Amino acid sequence: MRIALQLLGVVVAVLLTGAMLGTAGWVLPPVQSEQVGFRGTGMVQVHSPKAQAALLARNEAPAAQDPAPPGGEPATQTYQNVQVLTDLSTDQFNRIMASITEWVSPEQGCAYCHNVENMADDSVYAKTVARTMFRMVRTINGAWKNHVGETGVTCYTCHRGQPVPANVWHINPGPAHAGGFAARDAGQNHPSLQAGLSSMNYDPYSELLGDKAVGERAVRVAATTALPEGRGESLQHTERTYALMIHMSEGLGVNCTYCHNTRAFSSWQESTPKRVSAWHGIRMVRDINGNYIDPTAAVLPPQRLGPEGDPAKVNCTTCHQGLAKPLNGAPMLKDYPELAGPVAAKP
């Protein structure tokens, strides 16, 4: 009996170890580590060279279109109903139109946005949305340099050859309960991929909604000291913040020490410069979702809206897709200065 119990214990231990290895997100050696802070603080980034090589291959930027020659007739004189890219020449305008077809609708072609019988016609909803997206891209490249720098973005940064980017999200109505009712609870104990399969809030993206003002205490924790001093945020709000951090970590393919010092997570003075970029990134995403994407609900067809009637919105993964720098830092703005500005008025 004792031997049988011992064998059973060994089998259970092996199975549990296998389950742990299979679900912990571990990678096979060899791995490489890079020290990014003082020794003894755990400021290290770890990655698998094999996995990193595959990720870089999946995130290669396409070759840029040949640059447009200088000068030439304005696009507004050549074409009718040009409303956003009014500062471009005809050659520049044609270059951007050819590029956006490659970036967004390579299979559908021009007909995805246009009535090809009358290119000036506005009856296709995607054309109205595309105008808003051009305004958004110019705003990102012009007003959010604290996050995107001179690298910039183009439509391809998110779309990658698809009409709808692969990594987008809708407002989460909550898990369904008996009778079809959604659970309007605090968001705990419903493990989700978005929160790293943890029991923390299953909807970390709610912090990226456009109605989160810059000064609002949206991304906060209960306390920054071992024992809370004064009134802090609730545990529910704190867990929602931690879930957002999990999303950011996975979206960029980094661990916490990319932005934080593990000795003092809350200290800005002891954090890396990347934390400042992330601070601006959160606010940029809110600007995108609130001022550019949410207004498109008025023109999108029902099948393009989520269960709460909202358009598909962006998060960190939409652009980064597992890399600290989208498309491995390809200089998209240098190749497409037509998308640099001027910053267009919001729709």
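What's counted below: heavy atoms across the whole structure, side chains too, no hydrogens, waters or symmetry copies. Note that this is a predicted model, so its numbers are computed, not measured.
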Side-chain heavy-atom pair [X], [Y] within 4.5 angstrom cut-off:
X	Y	result
Met133	Val104	no
Gln92	Asp87	no
Gln321	Asn167	yes
Gln65	Asp335	no
Thr157	Val137	no
Tyr258	Thr272	no
Leu85	Met97	yes

Residues Asp91, Ser89; criterion side-chain hydrogen bond (donor to acceptor under 3.5 Å, both in side chains); working and verdict:
CA-CA 5 Å; Asp91 288 330; Ser89 69; 5.3 Å; no
Closest approach of [X] and [Y], non-hydrogen atoms and distance?
X	Y	answer
Ala297	Gly309	CB-O, 4.2 Å
Pro165	Thr318	CB-CG2, 4.2 Å
Thr90	Tyr79	CG2-CE1, 4.1 Å
Leu300	Pro311	CD1-CB, 3.6 Å
Asp66	Arg95	O-NE, 2.8 Å
Val254	Ala324	CG1-CB, 4.3 Å

According to salt bridge (charged side-chain N to carboxylate O under 4.0 Å, His left out), does anything in residues 270-281 pair up with another residue at least two apart or in another chain? List the pairs.
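Sorted pair list: Arg263-Glu270.
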If the condition is side-chain hydrogen bond (donor to acceptor under 3.5 Å, both in side chains), which residues does Asp294 pass it with, not counting sequence neighbours?
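None.
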Quick one: list whatever passes side-chain hydrogen bond (donor to acceptor under 3.5 Å, both in side chains) with Gln108, sequence neighbours left out.
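Expected list: none.
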I'd like to know whether CD of Glu107 has more than 12 heavy-atom contacts from other residues, nucleotides or ligands below 6.0 angstrom.
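No, because the 6.0 Å sphere around CD of Glu107 holds 12 heavy atoms or fewer from other groups.
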Can you establish whether the number of heavy atoms outside Lys145 located under 6.0 Å from its atom NZ is more than 12?
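Buried by this count: over 12 neighbours within 6.0 Å.
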Within the side chain of [X], is there an N or O that forms a donor-acceptor pair under 3.5 Å with the backbone of [Y]?
X	Y	result
Arg286	Asn291	no
His147	Ser277	yes
Asn315	Leu208	no
His247	Cys316	yes
Ser249	Met245	no
Thr101	Gly109	no
Arg131	Lys127	no
Asn289	Val314	yes
Asn115	Asp121	no

I need the [X] [atom1] to [Y] [atom2] distance, nearest 0.5 Å.
X	Y	atom1	atom2	value
Thr151	Asn141	OG1	CG	10.0 Å
Trp268	Ser266	CH2	OG	11.0 Å
Lys313	Thr296	NZ	OG1	8.5 Å
Asp203	Leu244	CG	CG	10.5 Å
Cys319	Leu252	SG	CG	10.0 Å
Asp287	Thr139	CG	OG1	7.0 Å

side-chain contact (heavy atoms from CB on, under 4.5 Å) against Tyr156, all qualifying residues, sequence neighbours excluded
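Applying side-chain contact (heavy atoms from CB on, under 4.5 Å) to Tyr156 gives Pro62, Trp103, Thr154, Arg160, Leu327, Met332.
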Mind checking side-chain contact (heavy atoms from CB on, under 4.5 Å) for Asn328 and listing every partner two or more places apart, or none if nothing turns up?
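Here the qualifying residues are Leu56, Leu323.
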According to ring-ring contact (aromatic ring centres under 6.0 Å, His included), does anything in residues 303-328 pair up with another residue at least two apart or in another chain? List the pairs.
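Residue pairs with at least one partner in residues 303-328: there are none.
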Of Ile140, Leu88, Ile96, which is the lone residue that meets side chain to side chain contact (heavy atoms under 4.5 Å, CB included) with Leu339?
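Among Ile140, Leu88, Ile96, the one meeting side chain to side chain contact (heavy atoms under 4.5 Å, CB included) with Leu339 is Ile96.
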Path from [X] to [Y] over hydrophobic side-chain contacts below 4.5 Å:
X	Y	answer
Met248	Leu209	yes
Ile171	Val168	no
Met136	Val82	yes
Ile288	Trp144	yes
Tyr112	Phe93	yes

